[in-house]
Asker: 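Before I ask anything, here is the structure I am working with.
Values reported hereafter were calculated over all heavy atoms of this structure, with side chains retained and with hydrogens, waters and symmetry mates removed. Quick caveat, the model's predicted, so the values are computed rather than measured.
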2 protein chains.
Amino acid sequence: MAPLDTRTQLLDAAERLFAERGFRGTSVRAITDLAGANLAAVGYHFGSKAELLSAVVRRVIEPITAAQLAGLERLGSEPTISELVEAFAGPLFDEMRADTSRLIVRIFGDPSEEMRDWTGSAEEQVRDRYRAAFARALPDLPAEELWFRMRGILAVAAVDRVDRHNQPCTPNPTEPARRWAVTFLAAAMSAPPTG
Amino acid sequence: MAPLDTRTQLLDAAERLFAERGFRGTSVRAITDLAGANLAAVGYHFGSKAELLSAVVRRVIEPITAAQLAGLERLGSEPTISELVEAFAGPLFDEMRADTSRLIVRIFGDPSEEMRDWTGSAEEQVRDRYRAAFARALPDLPAEELWFRMRGILAVAAVDRVDRHNQPCTPNPTEPARRWAVTFLAAAMSAPPTG
DNA sequence: CCTTCCATCATACGATCGTTTGAATCAAAC
DNA sequence: GTTTGATTCAAACGATCGTATGATGGAAGG
């Protein structure tokens, strides 16, 4: 086994267990057992359990931000609100597994430092570019209210994924929820300013 | 000190610490220390740490569902979408402290059994009555898409509270966010069915 | 005074936690 | 064949966890 194999299997196991049981609810021993690795492997490859979490989060965030940026560049210079919503929210449904949404929601709800030191510049860049694009499409909307609405997009997408994942029996197809979300959010973004 | 005093102070301390550090991140010792009680007080008054969580959640949920029900009964027989959104989402801003939103989001993201056995019939009753009211106001919307949208209301309200609470420096006034939410969500609920 | 019952107390139990350590293993370089 | 450096291994460390136990306090009822 090449050294990268153990590293990758640790990332896979940790991603799954952190999403299922949370950071504090997952022991290093559970991760190394699932990965088929030795207990000390986490310390050797990542330094600590917290740094393993950072590596996991960076890995799951990256394809999402990449798809969001690619979707924005695919649009013309004067995209509609609906197109912007689709490009911004679509990858949250397509590029993200349901348990990954749960992991992100859990991190979002945890104010401790170890859960926040992973934040890179990638999602800030995505956020700023979409904010500019929405601001051009909604020139009358104040910046603060626009930012409130963009957080609303993230909230609806993430919470829907997690909540459908919480229902044990239903098959939970992603596709209708994705289209409902675009309808719902495009209408919401198009609302006139509160004023 | 009357016996109920220790019980109440345990509930207060647990509510605060569970919201700040999560269920697994909060030790029984931290709760009893903050409450000025003995370590064994949790076991004596509640049986276990998990049952203490249930008691905390029931206590914070109750005024919210009560306000939602009262708001619905205050409306006429043919309320507008905006009135329904206001009555449903308003208490999530008014009756809920920001750290309580965090506690709820954390519980929402945790699929473990101990986090879910508190669910009572109160919020189910609220959910069903608002669902019926929205269905009357939106007769063309399929039931499944309506339920998706109602979860969107909860998502926007909860995530906004937590996210504004995450920002350390700003004063984070609730009032503009509350009005922005009603604008945003009323437009979203009023969207035609996806079809 | 004595009993009863509720509440609180100090203390300890077994388990599990994250991390560290030093030896063992192994392929590649020389 | 020997050295070297990276990787994996079993084992142990101190700390902290949730819970249980039996003693103690103290007011109410007889």
Side-chain angles (χ1 to χ4, degrees), chain A residues 1-58 103 106-107 110-118, chain B residues 1-58 103 106-107 110-118:
Chain A
M1 264 195 257
L4 275 187
D5 253 348
T6 297
R7 229 186 94 99
T8 303
Q9 293 204 353
L10 285 175
L11 284 170
D12 291 341
E15 177 180 335
R16 176 168 148 194
L17 292 177
F18 284 155
E20 280 179 11
R21 318 178 190 176
F23 178 70
R24 287 199 163 90
T26 302
S27 66
V28 176
R29 286 164 177 83
I31 296 170
T32 52
D33 283 355
L34 182 60
N38 185 268
L39 171 59
V42 165
Y44 177 77
H45 285 283
F46 298 96
S48 69
K49 184 188 174 188
E51 292 172 274
L52 170 58
L53 172 69
S54 294
V56 166
V57 174
R58 279 193 298 267
L103 174 61
R106 300 185 87 131
I107 290 175
D110 196 324
S112 64
E113 294 248 341
E114 44 189 356
M115 304 294 255
R116 310 221 159 273
D117 65 346
W118 55 267
Chain B
M1 264 195 256
L4 276 187
D5 255 347
T6 298
R7 228 187 96 97
T8 304
Q9 293 203 351
L10 285 175
L11 283 170
D12 291 342
E15 176 179 336
R16 175 167 148 194
L17 291 177
F18 283 156
E20 280 178 11
R21 317 179 192 175
F23 178 71
R24 287 200 166 89
T26 301
S27 67
V28 176
R29 286 165 178 83
I31 296 170
T32 52
D33 284 354
L34 181 60
N38 185 268
L39 171 59
V42 165
Y44 178 77
H45 285 283
F46 298 95
S48 69
K49 183 187 175 189
E51 292 172 274
L52 171 58
L53 172 70
S54 294
V56 166
V57 174
R58 278 193 298 266
L103 173 61
R106 300 184 86 131
I107 291 176
D110 196 324
S112 63
E113 294 249 340
E114 45 189 355
M115 305 294 254
R116 310 222 159 270
D117 65 346
W118 56 267

Asker: Under 3.5 Å, is there a donor-acceptor pair between the side chain of A/T26 and the main chain of A/F23?
Answerer: no

Asker: Nearest of D/dG18, C/dT8, C/dT19 to any side-chain atom of B/T6?
Answerer: C/dT8

Asker: Is a side-chain N or O of B/R106 found less than 3.5 angstrom from the main chain of B/E20, in a donor-acceptor match?
Answerer: yes

Asker: From CZ of A/R24 over to P of D/dT16, roughly how many Å is that when rounded to an integer?
Answerer: 14 Å

Asker: To the nearest angstrom, how far is B/F46 atom CZ from D/dA20 atom P?
Answerer: 16 Å

Asker: Tell me what A/T26 touches on the nucleic acid: a base, only sugar-phosphate, or nothing, going by heavy atoms under 4.0 Å.
Answerer: sugar-phosphate

Asker: Using 0.5 Å steps for rounding, measure from the CD atom of B/E15 to the OG1 atom of B/T8.
Answerer: 11.5 Å

Asker: How long is the line joining CG of B/N38 and P of C/dT8, in whole Å?
Answerer: 9 Å

Asker: Can you tell which of D/dC9, D/dA12, D/dG18 lies closest to the side chain of A/L39?
Answerer: D/dA12

Asker: May I have the distance from A/Y44 (atom OH) to C/dT21 (atom C1'), rounded to whole angstrom?
Answerer: 15 Å

Asker: Tell me which of A/A37 and A/R29 sits closer to the 5' end of DNA chain D, going by the nucleotide each one is nearest to.
Answerer: A/A37

Asker: Rounded to the nearest 0.5 Å, what separates atom CG in B/L103 from atom CG in B/L53?
Answerer: 7.0 Å

Asker: Distance check needed: D/dA20 P versus B/K49 NZ, whole Å only.
Answerer: 14 Å

Asker: Would you say D/dA6 has OP1 or OP2 under 4.0 Å from some side-chain N or O of A/H45?
Answerer: no

Asker: Please give, in whole Å, the distance from D/dC9 C1' to A/D33 CG?
Answerer: 14 Å

Asker: Is there a side-chain contact between A/S27 and the phosphate of C/dT16, meaning an N or O under 4.0 Å from OP1 or OP2?
Answerer: no

Asker: Rounded to whole Å, how long is the line connecting atom CZ of A/F23 with atom P of C/dC17?
Answerer: 13 Å

Asker: Tell me what B/A40 touches on the nucleic acid: a base, only sugar-phosphate, or nothing, going by heavy atoms under 4.0 Å.
Answerer: base

Asker: Nearest 0.5 angstrom please: B/F18 CZ to B/I107 CD1, how far?
Answerer: 9.0 Å

Asker: Find the distance B/D5:CG to C/dC6:C1' and express it as a whole number of Å.
Answerer: 15 Å

